[in-house]
Amino acid sequence: MADRLTREEVEHVAKLARVEISDDEMEKYQVELKQILDEVMKINDVVLYDDEYMIAPWSVDSELRKDEVGDMLDAKDVLENVPRHSGNYIEVPVVLGE
Amino acid sequence: MSNYIPTIGIEVHVELKTNTKIFSNAINGYGMGANTLTNVIDLGYPGTLPTINKEVIRQAIKAATVLNCEIRKDMHFDRKNYFYPDNPKNYQITQFNTPIGHDGYVLIEVDGVEKKIEIEEMHIEEDTCKSAHRGNVTLLDFNRAGVPLIEIVTKPCISSSEEAKLYIEKLREILLYAGISDCKMEEGSMRCDANVSIRPKESAPYGTKVEIKNIGSISNVGLSIQKEIMRQEKIYNNNETITPQTRRFDSKLNDTVLMRVKETGNDYRYFPEPDIPFIHLTDEDIREATKDIPMLPDERRKIYINKGITRVNSDKIINHREMSDFLNSFIESDLDFVVASNLLLGDIASYLNKTNKMLKDTLLSKEKFVVLVEKVKDNKLTSKNVKDIIEDIMEKDLTIDDIIEEKGITNITDNSIIESIVDKIIEDNMESVEDYKNGHDRSIKYLMGQIMKETKGQAEPRITMQLLKEKLDSLK
Amino acid sequence: MRYLDKDIKEIHELLVSKKICPLDLVNEALELIEKNKDLNCFITVDKENAIEMANRLGEMEVDKDNLLFGIPIAIKDNIVTKGLRTTCASRMLDNFIPIYDACVVEKIKELNMIIIGKTNMDEFAMGSTSRTSYYKAPLNPWNKKMISGGSSGGSAVAVGARLVPLALGSDTGGSIRQPASYCGIVGMKPTYGRVSRFGLVAFASSLDQIGPMTKNVYENALLLNAIVGRDERDLTSSDKEKEDFTRLIGEDISGMRVAIPTYFISDIVEKEIKDKFNELKETLKKKNVIIDLVDIKYLENAVTLYQIIAMGEASSNLARFDGIRYGYSTPNPTDIDQLYLKTRREGFGNEVKRRIMVGSYLLSGENAQLYYNKALKIRDDMKKELMKVFEKYDLIIGPTTTTTAYSLDSDLDNPLKSYMDDVLVIPVNMAGLPAISIPIGFSNSKMPIGMHIIGKPFSEATIYKFASFIEKELNLDLNPERGDKDE
C-alpha cells in the first residue's frame, strides 16, 4: 500500500474544507493524512458489544420549542461585524453558476 | 412518437406554514426588509445552537400522513456540509439517515387511468438565505435562512412530462388542503427540481441523469421536462453522449439551459448533528398532529362526482377551498349538489370575484343557501332572478323570501297562464312562426323575447321555452 | 494587602462587613494582571467595565447569601461576551465583538460577579499547550519556561498565579483538567449537559463542556453551582434539578469504592507521577477506601475516536468562519472562492487548519461510512464499559496526565505526542462523564502533579466530596510565589 495520498486526494480534501495549502503543506498532508488513516483503519478490528451507537452523551431527548416569536436583530445589529455590506444586504463577490 | 423511454424523478421543497423558523424563534415571513427577520442563530453566529420548532414536527407529521408515508418515530438530524454564501453555517441541518417519512405515494390520473407516484422519502430541513446578483457582487438577505422546509423525493417512476405536471398539481393541491404550505411557486414557497434521463427501451439501463433546477411554475414543470427530453433525444439520435449536468428552464428561450457541469460526485460529508438529541414521536403525537387534517381533494372529488357534479366543475370547486368546505357542510343533507355547485361557480363566484371577497365576508348563511338552491331547483327563481338579487343575498341580512318580496319578483310558473300567453304571441307573430317552420331556429329566440316582454320577464324561462317549442312543433 | 489569595468565604465576609469593597478586589486583580503581564494569560482585560461594575456593586447592599457577589472572574476567550471582544485566540476573530452573551456569562452577571477579562488559550481550543494561540502561549506560573497546558491554559495560569480567584474554561478532550493539573489548580469538567453550551464557540459539539477552574475544591463547587441548569437554547443541556454541589464536602469517605483502570497506571505514565499517585493510594486505603485495579476495554481506542469524532465535528463547526458575516475577511477577494480560501488560509493558524483537514478527510467519500459510524459504535461501547464499572464502584481515579508540564520549546509539530498528553482525559469526554483534576503534589523539578477523579453522570457532588477529603489530607501550599517549592 502506498505510504501517502495522491496530490489529487489531498486537493479534493482541501477544496472541500476551503483551506488553501502550499506545496510544502501538500507534501506534509499527503503523508500525514495517510498515517492518520492507517491509524484510524485499525478500529475496524475492534470487536463491538452490539450495534448501538452514540452520537453524543445526551441525557435528554430534544424538547420541542413552542412556535412563538422571540427577539430579533435590527438590520443594524446584523451588520455589526459584517466585513462588506451594501445597504442592509450582506455582500460577497459574485457567485457564478446560479 | 418518440422511440425513447423517459425516466423522471422529482424533488420538491416546500416551505412550511409556521410562525417561526425551524431552529430559531425569528419570524418565518416573506417580503420584509432585508435582514430584518433574523437572530444570531439564523446568521450562524459562533456559539449559537439550534432549537426545534414543535410546529415544524407537527406539520411534517401531517405532510407524511397526507402523502401516505410511513412515519419514523425515532429520528435525528444530520449535517450536510458544503460551502455556499447562502448557507450561513456552511452546513445545512437536514435529515439524511432518518427522514421523518418514507415509502409513500400520491395518486394521479393519467388519461383516466390511476397511477401511483411513489415517494421515496420526505425529510425536514432548513432553508438557505436568499441571494441576488448585482454586477460583480452577490447580495445576501438572511430572512429566509432557517425557514422550515420539507423535501419530498419521488422514486424515478415518472415516465412523461405530463405525469410530472399532474404529480406537482396533485401534490400542491394536497399540501394546500392540509394547510402545510401555501405552495406559491412564484414566491418560492414551493420549489421543484427534476431529474430526467431517457433510454431506448425498457430493458436498457437508465440513461445519464440531468437535473433541472428551480422550476418556477407548474406549467414550466411539464414544459421544461418535455424540452429536456427532446434535447436528450436529439443527442442520442446524433450518437452523442449526454453529460451529467445541472440545467435550468429559461422561459424566454422556452428551453433548458446549462447551469453547471456536475462535479464528479458531491461529497457532502454527512454526519449526525450532535447539537440536536433524538426526537421520539409517540402515537399520541401523531394523533394530535393529524387530528385536524381536513377531507382531502380526492375524496371530495369522489363525493362530488357521485352527487352528479361534472369532473370539470368538481375540480373548479376543489380549486376554491372555501367553496368546497362550504359545499361539504351539506354532504349529510339532501341538498341538490348540481344546482348548488352551479350557483357557487356561477353567480356567487362572479360576485366574489367582482367584490374581491371571501364567502366568509358575505352574509350568505347556510340556511339562506339551502333556500336559494331549493327555489332554483323548483323553478321558483330564474337564473335572471338570481343575477338580479345576488348582491342582496350576499350583502343583506334578509331571508331569500324577504328579498324576493322586496324586489317584487313574481314568476309565472302556472302552465295554463303561460300557455295562453304563448298562444297569443304565436297568433300575433305568424311570420316568425313561418320562419321557424322553414328552419330558421333564430326566430324562436325572437318569440321568447316577445313573451318575456309581454310578461315583464316573469314567465319562468324553462317552462316557457318547453311550451313554446311544443306549440311550434305541433304547427309544423 | 492582598485579598484575592484568600478564600472566597473570607473575601465575602470582608465585603459584608464593608472592610473592603468590590473595587478593591478589581483594582488588585488589575494590578496583578499588569504586574504579571509576562505570563500572557489574558488576551483582553476589560478594565473599564470591570471598574464600572465594581463601582455599581459598591453602591449596592452586599447579598449575604451570594458568596460570589463582587468576586472577579476570568473567562476563557471562546465563551462569547456581549460587547467584549472574543477571539478564540485566533486571527480569524481578532476583531470580533459578539452581539450576545453566552448562557454562563448571563448567569455570572446575574450573580454580580465581575468579569475581569478573557483568557488566552489554544486557537479555537485546539491543542494541549496553549501554544497554538495567535497571541502566543501563556507561561506556567510554577516555571515560566514551561507550558501552561491547554487549551484552557490562560484560565489555569490566571488562577494558578492568583491573579483572579475564579475562571471558566472549556474541556473537549481534557482542556480544563490537563492545564489545571499542570498549573496546580482544581479544574472540573462537568457531566455533558450540566452546563449550557449556548455561547461557547463550538470545537466538537458532542464533547465540549464548560467548567470551573479554581484554587480549591470548595470554590470549584461554588462556581459550578452558579453556572449549571437547563437552558432552553441548548437542547443538549440536562433537565436535572438544581443541587448544591458543596453539600457533601467534609463528609467521611471511608467505605467508598474506587476503581483504578490498569491503563491509567501503565507505562504510558511517568514514574514520578505514578509514585505520587501510589503514595496517595496508600493514604486512601488507610482511610478505609476500597481500591481495586480494573481492566476497562476500549480506553486505548479513545485517541483514535477523538481523531475521528472531534476532528470531524470541528471541520464542520469551523466552516462558518468564511469572511462573510463576521470575523477576519481577506482584503479585496476577486471571487467567492478567493474569499473562502484566502480568508481561511490567513485567518486560521496551522494546527486549526490541520485539524480541519483531518476532520474533512475522515468524513469525505466513503470514510464516514467506514470509520465515523464505527467510531460512534465504539464510543457507545466505551460508555457502556465505563458504566459497568460504576455498577460496582463510586469513582474511577488515576493521574490526570502522563507527564508534568514540559518545556515551551518542545516540538509543536508532533500531533500524536500532543494527543497522547490527553490519553487519560479523553475517555471522560467520549462518555460525557464528570471528572476533576486536583493537585496532589509536585515533581522533583517542582512542577505540580494532578489527580483525576471520574464519576458517573451527574455525580459531581460525590467527586467534590472525595476531592475535598484529599485536598484537606494533603494540605498543599499551592501559591507559586511561596508554594511547596522546597517541601
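Contact annotation: the side chain of B:L149 never approaches that of B:L16 to less than 4.5 Å [non-hydrogen atoms, C-beta and beyond]. Put simply, the side chain of B:N143 reaches to within 4.5 Å of the side chain of B:M32, judged on heavy atoms. Between A:E27 and A:R4 the shortest side-chain heavy-atom distance falls below 4.5 Å. Side-chain contact between B:V12 and B:R191: absent, with no pair of heavy atoms (C-beta onward) separated by less than 4.5 Å. Contact of the B:K213 side chain with the B:R260 side chain is registered, since non-hydrogen atoms from C-beta on lie closer than 4.5 Å. By the 4.5 Å heavy-atom criterion applied to side chains, B:P88 and B:F142 are counted as neighbours.
Interface residue B:V40: backbone and side-chain heavy atoms are both found under 4.5 Å from chain A. Using a 4.5 Å cut-off between heavy atoms, B:P272 contacts chain A through both its backbone and its side chain. Contact annotation for B:L139: both backbone and side-chain heavy atoms come within less than 4.5 Å of a heavy atom of chain A. For A:E68, the part sitting under 4.5 Å from any heavy atom of chain B is the backbone (N, CA, C, O) and nothing else. Interface remark: B:F23 contributes backbone atoms only to the contact with chain A (heavy atom separation under 4.5 Å). Proximity to chain A is limited to the side chain of B:Y45, based on heavy atoms less than 4.5 angstrom apart. Heavy-atom distances place the backbone of B:I22, and not its side chain, under 4.5 Å from chain A.
Atoms CG and CG, on A:L16 and B:D267 in that order, are 5.0 Å from each other to the nearest 0.5 Å. Taking NE2 of B:H76 as the reference point, atom CG of B:D78 lies at 5.0 Å (rounded to 0.5 Å).
Among B:D285, B:D283, B:T282, the single residue meeting the side chain to side chain donor-acceptor pair (under 3.5 Å) criterion with B:K73 is B:D283.
Each of A:A17, A:S86, A:G70, A:S59 has some count of heavy-atom pairs under 4.5 Å with chain B, and the biggest count is that of A:G70. Here B:R269 is the residue among B:H280, B:R134, B:R269 with the most heavy-atom pairs under 4.5 Å with chain A. Note: B:L140 leads B:L43, B:N90, B:T246, B:L140 in heavy-atom pairs under 4.5 Å with chain A. Most heavy-atom pairs under 4.5 Å with chain B: of the set A:L79, A:D77, A:V78, A:D74, this distinction falls to A:V78. Among B:L37, B:I52, B:D141, B:N39, the residue with the largest count of heavy-atom pairs under 4.5 Å with chain A is B:I52. Among B:G33, B:P274, B:G135, the residue with the largest count of heavy-atom pairs under 4.5 Å with chain A is B:P274. If you tally non-hydrogen atom pairs under 4.5 Å between each of B:I276, B:L258, B:D42, B:I279 and chain A, the highest count goes to B:I276.
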